Structure formats: structure tokens, C-alpha cells
Participant: 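Structure incoming, see below.
Worth saying up front: this structure is predicted, and the values here are computed from it rather than measured.
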Amino acid sequence: MIFYILRRLATAVVMLLIVTLATFLVFYAAPEDPARLTCAKNCTPAVIEGNRKFMGFDKPVMAQYGDFLKGIAVGRDYPADEELRKAAPQLASHCEAPCLGFSVLKSKSVTDILKETMPITVSIALLAFVLWMVVGIVGGIVAALNKGKLLDRAVVGLALLGYSLPTFFIGLLLLTFVAIKWQVVPPPVYVPFTQNPAAWLQGLLLPAITLASIFAAQYVRLTRAYMIETMSEEYIRTARAKGVKRLPIIRRHGLRAALTPIVTAAGLDLGGLLGGAVITETVFNFQGMGWTAVRAITETDLPVVVGIVLVAAFFIVLSNLVVDVLYGVIDPRVRLT
């Protein structure tokens, strides 16, 4: 098992290096001058040239990439030009590792921006993940065990309804009626978990339900399909013939066999959400990574866009690594591949 994990870990590291190179080349080595994009409407030739030296865009592309990797590993000093740091020490700042760049428009490092926004996105994504996994798997099992009956049709019907409604529509409904009109809960406001866990949960409940609704519907259908397929296998019939009770058959044989594809989908979905739930954060005005990414694109704040893309890619690669490890736990045969 240890060698299996090490192999998957080495693959993940290689993938991250490829992602950093591809992202850097797409954004910083594009035909458009990246220094021109650092000053919005206040651009003059002098400002562009100053920002070029400040960000290190005057160096060769591979030297810039080397500085970029060095910043991620050990941190980086800005301005990137040493002479400029000496001439204008008031501009000097150190970006702690992992340094993903510096936003000239916001006058702060991308790492500091992500430290402010990432907890919001991670909180919404993780709470939504718990909700949709519980509802989706339990609902799928109930539907599969009552195949063709009224309960099965009701669960599948609700799943189709949840899948067909757009996320922004569900969010607006919950915000308008549950929070504002009926006042079941206060309007959602993000409170850090370390300050008040109860307020944190209360503030995230509606955004998490909104985000979980469409995924729960998918997982009901997915779990139902794989449970029906698994429960019709011959080894399940053999267990029944031996007198094994229904609940142990479902738990030890049926659900465990059906979990492999569900784990795959769950890892990819969670990894994508950790990169930013754009629509949900916009509806509830939660300034997480998705909201920040949209604003950075609007303002053409290139370093922030690059940083969020890399963080999103990191979460996806990490989720794939976790899925591979869980594969080895669920099905030991996978460790041999």
C-alpha cells in the first residue's frame, strides 16, 4: 500500500509541474504584453515600463518561470528588479511561500488575497459535499431497494427536479423566501469557524444547500444505478441463499462494490468546487475564490487569475490523488496496477 501511495504521489507532483508550466506559458508568455495589463486605465509608457521591472517581465521567459517556481517553493521579493528595490525601498515587500505572484492593482500578493478568500470557498464546498453525499447516497440506496415502487419514483422525481433547476434559481428562492420573507434563518453572512462555529454553520447553510442540490440529484441517480446493478450480481444472490441478512448484504457487499465509481465522481466534483463556486458565491455575495476570479477577469488582474487557476488545478490533482488512495482501500486489486 505504501509503494502504491508513493507512485500516485510522484504522478501528482509531475502533473502539478506540468500545470504550472502550462499556466505560466498561457498567461505570461502570450503575445499580449503582461506589463500592459497591470495598470488598467492608468497606463502610460513610464508606468508600463516600471511595472515590467517590478514584476520581472523584462527577463527571458524561462528565467521568469524559474523565478515563479522559486516563489512557490521559498518565496519571492518584489520588486523583482534588484536595482529598483535599492532605489525605492518603500516599494519592497517579501511574498512568503507559496508565492503565486503580486497584484499591482491591489498592491498585495496573490497569496494574501487567497488567504482571505479561500476559507470561504473551502467552507462552502466541504459543507455542500457532506450534504450531497449523505442525501445522494442514502436517496440512491432507498430508490434502488424499492425499484419500481412509489418510493423509487418519488425519489427519482425529486432528483430530476433538483437537477433541472439552475443553481442561481435555487439560491434566489432560498435567499428570498427562507432568509428574507419567512426569516427561518438570518441572511447568509460568512463568519470564520474559529470565531463562532455555530454562526459559521448558520451563515453557510443556504449557500451549501444551494450548491449541494444539483450534485445530490446526480448522486441519487448514480448510486441508484450502481446499486441496482450490484444487487443483481450472482455473489449477492449467493449471500442471500446462505441466509445472510439484508442489511449486511447491502453494507458489506452491495454498497462497497458500488462505491468505486461514486468515489471517482465525488473526488472530481469536490476538487472542481474547491477552485471556486462562482454562481453560488455571486448569488449570496460571498467573496470567495469564484467571486474573486470573476472580478480579477473583469479587471484584467492577471496575477490573481493565474493564482486562482493554479490553486484550482492543485485541488483537482489533490482530489485525484485522494481518489486513487481510496481506490486502494475500497478495492485492493487496484493496488496491483
Side-chain angles (χ1 to χ4, degrees), residues 103 105-106 110 113-136 139 157-193 195-221 265-266 268-301 304-305 307-309 311-313 315-316 319:
S103 171
L105 293 176
K106 294 182 174 59
V110 176
I113 295 173
L114 292 177
K115 284 180 181 178
E116 298 170 0
T117 59
M118 192 184 299
I120 300 174
T121 298
V122 171
S123 297
I124 297 174
L126 291 180
L127 186 56
F129 176 75
V130 173
L131 289 176
W132 94 57
M133 289 298 289
V134 172
V135 173
L158 287 174
L160 289 173
L161 179 64
Y163 187 74
S164 62
L165 294 177
T167 305
F168 69 86
F169 180 72
I170 296 175
L172 288 174
L173 282 180
L174 292 176
L175 184 62
T176 302
F177 290 97
V178 177
I180 298 176
K181 188 174 182 179
W182 299 333
Q183 297 182 354
V184 177
V185 296
V189 177
Y190 177 75
V191 177
F193 180 83
Q195 290 185 12
N196 190 330
W200 172 85
L201 180 61
Q202 187 180 65
L204 290 173
L205 192 58
L206 294 186
I209 292 175
T210 300
L211 195 57
S213 58
I214 187 169
F215 288 100
Q218 294 176 8
Y219 280 76
V220 165
R221 300 174 65 188
L268 294 176
D269 288 336
L270 178 60
L273 282 183
L274 289 173
V278 179
I279 296 177
T280 303
E281 291 176 4
T282 303
V283 169
F284 292 96
N285 196 28
F286 274 42
Q287 297 182 13
M289 288 175 59
W291 184 91
T292 304
V294 173
R295 187 171 180 181
I297 293 170
T298 304
E299 297 173 347
T300 323
D301 197 347
V304 176
V305 176
I308 292 176
V309 168
V311 169
F315 281 131
I316 292 174
S319 66

Participant: Side chains of S213 and T167, heavy atoms from C-beta outward: is any pair under 4.5 Å?
Facilitator: no

Participant: How long is the gap from CD on E116 to CD on Q287, to the nearest 0.5 Å?
Facilitator: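 Output value for this atom pair is 9.5 Å.
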
Participant: Is there side-chain contact between I120 and I124, with heavy atoms separated by less than 4.5 Å?
Facilitator: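 Sidechains of I124 and I120: in contact.
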
Participant: I'd like to know if the side chain of S164 reaches the main chain of L161, judged simply by a donor and an acceptor atom lying under 3.5 Å from each other, with no hydrogens or angles considered.
Facilitator: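 Indeed, once roles are kept as given, a pair shorter than 3.5 Å links the two residues.
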
Participant: Is Y190 close to P207 at the side-chain level, that is, under 4.5 Å between some pair of heavy atoms?
Facilitator: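 No - every pair of side-chain heavy atoms lies 4.5 Å or more apart.
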
Participant: Please set out all donor-acceptor pairs under 3.5 angstrom arising from side-chain atoms of residues 269-286, sequence neighbours excluded.
Facilitator:
residue, atom, partner, partner atom, Å
D269, OD2, Y219, OH, 2.8
E281, OE1, G290, N, 2.9
E281, OE1, W291, N, 2.9
E281, OE2, T121, OG1, 2.6
T282, OG1, V278, O, 2.7

Participant: Rounded at 0.5 Å granularity, tell me how far CD1 in I209 sits from CG in L204.
Facilitator: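 I209 CD1 to L204 CG: 11.0 Å, rounded to 0.5 Å.
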
Participant: Indicate the atoms forming the closest heavy-atom contact of L211 with F215, along with that distance.
Facilitator: O-CD1, 3.1 Å

Participant: Going from CG on L127 to CG on L131, what distance comes out if it is rounded to the nearest 0.5 angstrom?
Facilitator: 5.0 Å

Participant: Nearest heavy-atom pair of W200 and V191: which atoms, and what distance?
Facilitator: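 Closest pair (atom of W200, atom of V191, distance): CD1-O, 3.1 Å.
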
Participant: Which heavy atom of V311 sits nearest a heavy atom of M289, and at what distance?
Facilitator: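 The answer is CG1-CE, 3.4 Å.
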
Participant: If you compare all heavy atoms of D301 against all heavy atoms of S103, which two are closest, and at what distance to 0.1 Å?
Facilitator: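 Of all heavy-atom pairs spanning D301 and S103, the closest is OD2-OG, 2.7 Å.
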
Participant: If you take all heavy atoms of P188 and A179, which pair is closest and at what distance?
Facilitator: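 Looks like CD-CB, 4.3 Å.
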
Participant: Looking at every non-hydrogen atom in both residues, tell me the closest pair between T117 and T292 and how far apart they are.
Facilitator: CG2-OG1, 3.1 Å

Participant: Report the distance from atom CG of L172 to atom CZ of F177, rounding to the nearest 0.5 Å.
Facilitator: 10.5 Å

